[in-house]
Amino acid sequence: MKKDIILKAENISKQYRLGQVGTGTLSHDINRWWHKIRGKENPYLKIGDTNDRSTKGTSDYVWALQDINFEVERGEVLGIIGKNGAGKSTLLKILSKVTAPTTGSIKFRGRIASLLEVGTGFNGEMTGRENIFLNGAILGMTKKEISLKLEEIIEFSGCERYIDTPVKRYSSGMTVRLAFAVAAFLEPEILVIDEVLAVGDAEFQKKAIGKMQDISREGGRTVLFVSHNMAAVQSLCTKGIVLQNGRVQFEGNTEEAIQFYLKGSAEEFVIADIADRKGTGIMKLRNISTFGISKGIMPQIGKKFVMEFEFDNPQNIDSDRIKFDFRIDDYAGQRIVWLSTTVVKQGTKGNGKIIRFEIEKLNLNKGTYYVTTHLVVDQELSDWIQHVFSFDVTEGDYYGTGKQVSPIQSKILMDYNVVFV
C-alpha cells in the first residue's frame, strides 16, 4: 500500500558559530558568496564540532544537527526524544520555519502549527481574543473559520474570564493554555509541540494529551511531539526517533525508541570497600545492579524491574542459612516497601553468592529511592548498610491510559477496578 507521506526531512543539518549572533564575520559571508557564485560548496560546512555539551571542542563552529532524515505519514504521532542539548528544539524550529537549515530541505503538505515556547507568536499588548484571531490568520485561517471555533478555543483554554485582558498580564500557564487551544482547534494538518506543555498544570496536561490523541486518531492530523515525559510519549506516539549529539541514533516504534533512550541509564554499585556497616562480616555485600526490562535499561514504571545483590561468600554458605532483607525509602527517609527472602518462595537455591529480586510490574512512582540492606547468617547479623545506594524510576504508563499519578499523590501504584453500582 502506498504511503501517505505528509512531511519529509532530507539531510537536515544546522550549524552555529559559537559566541556570534549572526553567521560570523563579513569576511566569512563574502567567502560563502564567492564560493556560491562559482558553484562550489559552502567552505564552512567542512568544519565544526559535534553537538556534545560534555566536551570543550576545538572549533568556533558547532553542528546542532547533522544529516537528519525521516518521514512522517498522515495521522502519525512522532515522538522526538533525547537528552537536553540533543538537538530536539532546533529540529522543531527548522520544521516550523522559525530558522532555516544549513543544509537539507523539509517537504510537507498542508499547514503547520507550532507550539515551541510559551507565548510564541503572541502579542503581549493584545487581548487573548485578539491573539486568537492573529494566530489563526498566521496559520492561514479566514476570520469566519476562526469565529466558528472561537468559543471552543476559549472554553478549552480555561481563560474565559481573562480573554479580553492583554496577554502580558497572563501567567505562563495561562499563556500556554491559550496557545495550545489555538493550535489544536484551528485544525492545521501538522501540529508541532515542544516540551512547553510541561508549563501547564496536571489537569491541563491531561486535557492536552487527550486532545492530541483525538486530533491524530479521529481527525487524521499529524503531530510531532518533543517531551521528556516517557509516559506521555508512550501513550500518545505511534512512532519515535531518538536524537543524540545532533544525530538520529534510533528510529522505530514508540516502545523500542523509549527503551533505546533509557539504555545505559541503569546503574551498578561497587560497595565492597564501604566502611560504615555493621555485622560479623562472615558474608558481605559486594556489588549491586539495578535495571529495567533488560541489562542497561533504566527502571520504568509498569515495566519489569530487577535488583541483583552480589556477595563475598568465602565459606560458600548455603542459601538455607541466609536471610536477606532490604527496604526502600523515599527522599524523606520514609519507608515505602520492605522485601525479604523469607516471605516469598525462592526460585532456586545455591551458595548465596548472588541474590536476584525480580518485580514483573514496577509499581513505584517516578522519583529517587534509597535502599538499606540487612543480611543475617544463622540468625546472626552479618552485614547491615544504611542507604547503601539510590536508584531512579522514570515515567511509564502503568495503567495503560496515558494518565499519570503525581508522586505527591501516591508513591505506590496498584492495579484495581472501578465499578459503578
Side-chain angles (χ1 to χ4, degrees), residues 21 77 80 84 88-100 106 108 110-216 219 221-229 232 236 404 406:
V21 175
V77 182
I80 303 173
N84 290 331
K88 305 184 298 299
S89 295
T90 300
L91 176 59
L92 291 197
K93 287 175 181 177
I94 291 173
L95 295 173
S96 306
K97 295 195 171 182
V98 173
T99 187
I106 301 289
F108 60 92
R111 293 172 296 206
I112 297 180
S114 303
L115 191 58
L116 303 180
E117 296 174 5
V118 177
T120 299
F122 273 35
N123 186 322
E125 300 298 328
M126 298 171 64
T127 66
R129 189 185 304 272
E130 290 168 338
N131 270 292
I132 292 174
F133 281 94
L134 173 64
N135 272 255
I138 292 171
L139 290 175
M141 310 291 290
T142 66
K143 186 175 181 180
K144 182 178 180 181
E145 288 175 305
I146 300 168
S147 297
L148 289 173
K149 295 283 185 178
L150 185 62
E151 294 306 316
E152 288 182 277
I153 293 171
I154 295 172
E155 181 182 357
F156 185 88
S157 71
C159 300
E160 185 171 3
R161 186 175 183 181
Y162 309 98
I163 200 64
D164 293 310
T165 300
V167 167
K168 67 180 180 181
R169 297 196 176 98
Y170 284 20
S171 68
S172 58
M174 289 172 60
T175 306
V176 77
R177 278 173 169 264
L178 188 60
F180 178 83
V182 171
F185 279 87
L186 291 183
E187 299 184 356
E189 281 72 27
I190 304 169
L191 181 58
V192 179
I193 301 177
D194 204 343
E195 189 70 73
V196 66
L197 287 183
V199 176
D201 54 33
E203 177 193 0
F204 177 69
Q205 288 182 38
K206 290 179 183 178
K207 285 176 64 176
I209 289 174
K211 183 61 181 175
M212 285 191 285
Q213 289 174 330
D214 291 342
I215 65 178
S216 62
R221 284 178 283 159
T222 304
V223 179
L224 277 65
F225 182 51
V226 161
S227 181
H228 290 107
N229 184 334
L236 178 66
Q404 292 187 84
S406 167

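Each of Asn135, Ile146, Asn131 was checked for a side-chain contact (heavy atoms from CB on, under 4.5 Å) with Val182, and the lone residue meeting it is Asn135.
Looking at Phe108 and Thr222, their side chains never come closer than 4.5 Å, going by heavy atoms from C-beta outward. Counting only heavy atoms from C-beta outward, the side chains of Ile193 and Phe180 approach each other to under 4.5 Å. Between Leu150 and Phe133 there is a side-chain heavy-atom pair separated by less than 4.5 Å. Looking at heavy atoms from C-beta onward, Ile106 lies in side-chain contact with Leu95 at the 4.5 angstrom threshold.
Separating the OG1 atom in Thr127 from the CG atom in Leu134 is a distance of 10.5 Å, to the nearest 0.5 Å. Summarising the geometry, atom CZ belonging to Phe185 is positioned 8.0 Å from atom CD belonging to Glu155; distances are rounded to the nearest 0.5 Å. Going from atom CD1 of Ile132 over to atom SG of Cys159 covers 8.5 Å, rounded to the nearest 0.5 Å. Atom CD of residue Glu125 and atom CZ of residue Arg169 lie 8.5 Å apart, to the nearest 0.5 angstrom.
Nearest heavy atoms, Glu189 versus Arg111: OE1-N, 2.7 Å. Closest approach of Val192 to Ser96, counting heavy atoms only: CG1-OG, 3.8 Å. When all heavy atoms of Asp194 and Val226 are compared, the pair lying nearest together is OD1-CG1, 3.2 Å. For the residue pair Ala181 and Phe156, the shortest heavy atom distance occurs at CB-CD2, 4.0 Å.
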(Q) side chain to side chain contact (heavy atoms under 4.5 Å, CB included) for Ile154 and Arg129? Distances and angles first, verdict last. (A) CA-CA 8 Å; Ile154 295 172; Arg129 189 185 304 272; 4.0 Å; yes

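Residues passing the side chain to side chain donor-acceptor pair (under 3.5 Å) test with Glu145, sequence neighbours excluded: Thr142.
Summarising the local packing, OH of Tyr162 is surrounded by 12 or fewer heavy atoms from other residues, nucleotides or ligands at distances under 6.0 Å.
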